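Because the structure is predicted, anything quoted here is derived from the model rather than measured.
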Amino acid sequence: MKIRIKQNSIRFRLTRSEVEQVCKQGHYEEETDFNSGQFRYSVCTKEGIENLEAYFIENRITLYLPDTYATQWLDSEQVGFEHNMPLENGKELLLLLEKDFVCMDDNREDQSDNYPNPMAEKLR
């Protein structure tokens, strides 16, 4: 799982197996170690919500996906979901949850579990 944070936006990108785990088991989590502690980030399904929600509590970002979305996402062509979550301070937090595609440029990271990039066929 990759996360990208810029100002008031958070983008989560999940590989095939990560999407499968979220959709079938309802949870996927990773962590990054620092000398001072661990930073955790997870995607979980949640009943009773209509849009993506996110919370930052005790060094953990949790992105919640409506369970009704998860049942259809795994086997669909749908790339992901987006929602502007209103915050108590009057601002909004843009939440993006997406399937991770194979990069088109020369990339050294392992992409064997990524989704095929739909743009690859157009370049052939």
Side-chain angles (χ1 to χ4, degrees):
M1 176 168 37
K2 298 175 190 170
I3 58 171
R4 179 182 297 168
I5 301 171
K6 182 172 178 161
Q7 296 176 335
N8 270 28
S9 69
I10 303 174
R11 179 182 182 191
F12 286 72
R13 292 178 18 196
L14 279 64
T15 65
R16 289 181 200 210
S17 60
E18 294 163 354
V19 168
E20 183 174 4
Q21 185 170 336
V22 168
C23 292
K24 290 185 175 181
Q25 299 175 15
H27 182 264
Y28 183 77
E29 178 176 294
E30 289 189 356
E31 61 188 35
T32 302
D33 293 311
F34 294 90
N35 285 330
S36 58
Q38 293 178 321
F39 170 60
R40 292 186 171 95
Y41 40 103
S42 60
V43 177
C44 303
T45 59
K46 186 175 179 181
E47 291 181 17
I49 61 173
E50 296 182 14
N51 293 297
L52 296 175
E53 295 180 357
Y55 298 92
F56 181 67
I57 300 169
E58 296 180 2
N59 297 323
R60 175 192 312 264
I61 296 174
T62 304
L63 179 67
Y64 289 102
L65 174 69
D67 60 344
T68 55
Y69 289 11
T71 57
Q72 64 189 7
W73 193 33
L74 179 61
D75 296 320
S76 76
E77 297 292 318
Q78 184 167 358
V79 173
F81 307 96
E82 177 178 336
H83 178 62
N84 281 302
M85 186 177 95
L87 302 175
E88 292 175 359
N89 64 5
K91 296 181 181 181
E92 291 184 337
L93 179 62
L94 174 60
L95 305 173
L96 297 162
L97 175 62
E98 303 170 326
K99 293 175 178 174
D100 196 10
F101 294 117
V102 172
C103 293
M104 300 296 292
D105 57 0
D106 187 21
N107 193 321
R108 294 184 182 196
E109 68 184 56
D110 179 11
Q111 299 185 68
S112 60
D113 193 28
N114 290 22
Y115 288 88
N117 193 315
M119 295 303 292
E121 284 297 317
K122 294 179 181 180
L123 296 177
R124 289 185 184 181

Quick one, Ile5 and Ile61 - any side-chain contact, counting heavy atoms below 4.5 Å? yes
Leu94/Asn8 under side-chain contact (heavy atoms from CB on, under 4.5 Å): CA gap, chis, key distance, verdict: CA-CA 6 Å; Leu94 174 60; Asn8 270 28; over 6 Å; no
Shortest non-hydrogen contact from Ser42 toward Phe12: O-CE2, 4.0 Å
Within 6.0 Å of CD in Gln38, more than 12 heavy atoms from elsewhere: yes
What is the minimum heavy-atom distance between Trp73 and Cys23, and which atoms define it? CE3-SG, 4.0 Å
Over 60° means perpendicular and under 30° means parallel, so tell me whether Tyr69 and Phe81 are parallel, tilted or perpendicular. parallel
With a 6.0 Å cut-off (strictly less than), is the heavy-atom count around CG of Asn35, excluding the residue itself, greater than 12? no
Taking side chain as C-beta onward, heavy atoms only, is Asn59 less than 4.5 Å from Arg40? no
Quick one: do Leu52 and Leu65 satisfy side-chain contact (heavy atoms from CB on, under 4.5 Å)? Show the steps, please. CA-CA 5 Å; Leu52 296 175; Leu65 174 69; 3.7 Å; yes
Among the clusters formed by ILVMFWY side chains lying less than 4.5 Å apart, do Leu87 and Leu95 turn up in the same one? yes
Quick one: pull up NZ in Lys2 and CG in Leu14 and give me the separation to the nearest 0.5 Å. 10.5 Å
One should read off an interatomic distance between Arg4 CZ and Ile10 CD1, to the nearest 0.5 angstrom, of 13.0 Å
Give the cluster check for Leu96 versus Leu93: same hydrophobic cluster or not, with ILVMFWY residues linked at side-chain heavy-atom distances below 4.5 Å. no
Is Tyr41 close to Leu63 at the side-chain level, that is, under 4.5 Å between some pair of heavy atoms? no
Phe34-Ile3 co-clustered via ILVMFWY side chain contacts under 4.5 Å: yes
To the nearest 0.5 Å, what is the distance between NZ on Lys99 and CD on Glu77? 6.5 Å
Got Lys24 and Leu74 here, is their nearest side-chain heavy-atom distance under 4.5 Å? yes
Nearest 0.5 angstrom please: Lys91 NZ to Met85 CE, how far? 13.5 Å
Tell me, do Thr62 and Ile57 make a side-chain contact under 4.5 Å, heavy atoms counted? no
Heavy-atom count check: over 12 atoms from other residues, nucleotides or ligands less than 6.0 Å from Glu50 CD? no
Answer yes or no: is there a donor N or O on one side and an acceptor on the other, between the side chain of Glu92 and the main chain of Asn84, under 3.5 Å? no
Just how far is it from atom OH of Tyr64 to atom CD1 of Ile49, taken to the nearest 0.5 Å? 9.0 Å
Shortest non-hydrogen separation from Glu18 to Arg13 and the atoms involved: OE1-O, 4.1 Å
One should read off an interatomic distance between Glu53 CD and His83 NE2, to the nearest 0.5 angstrom, of 7.5 Å
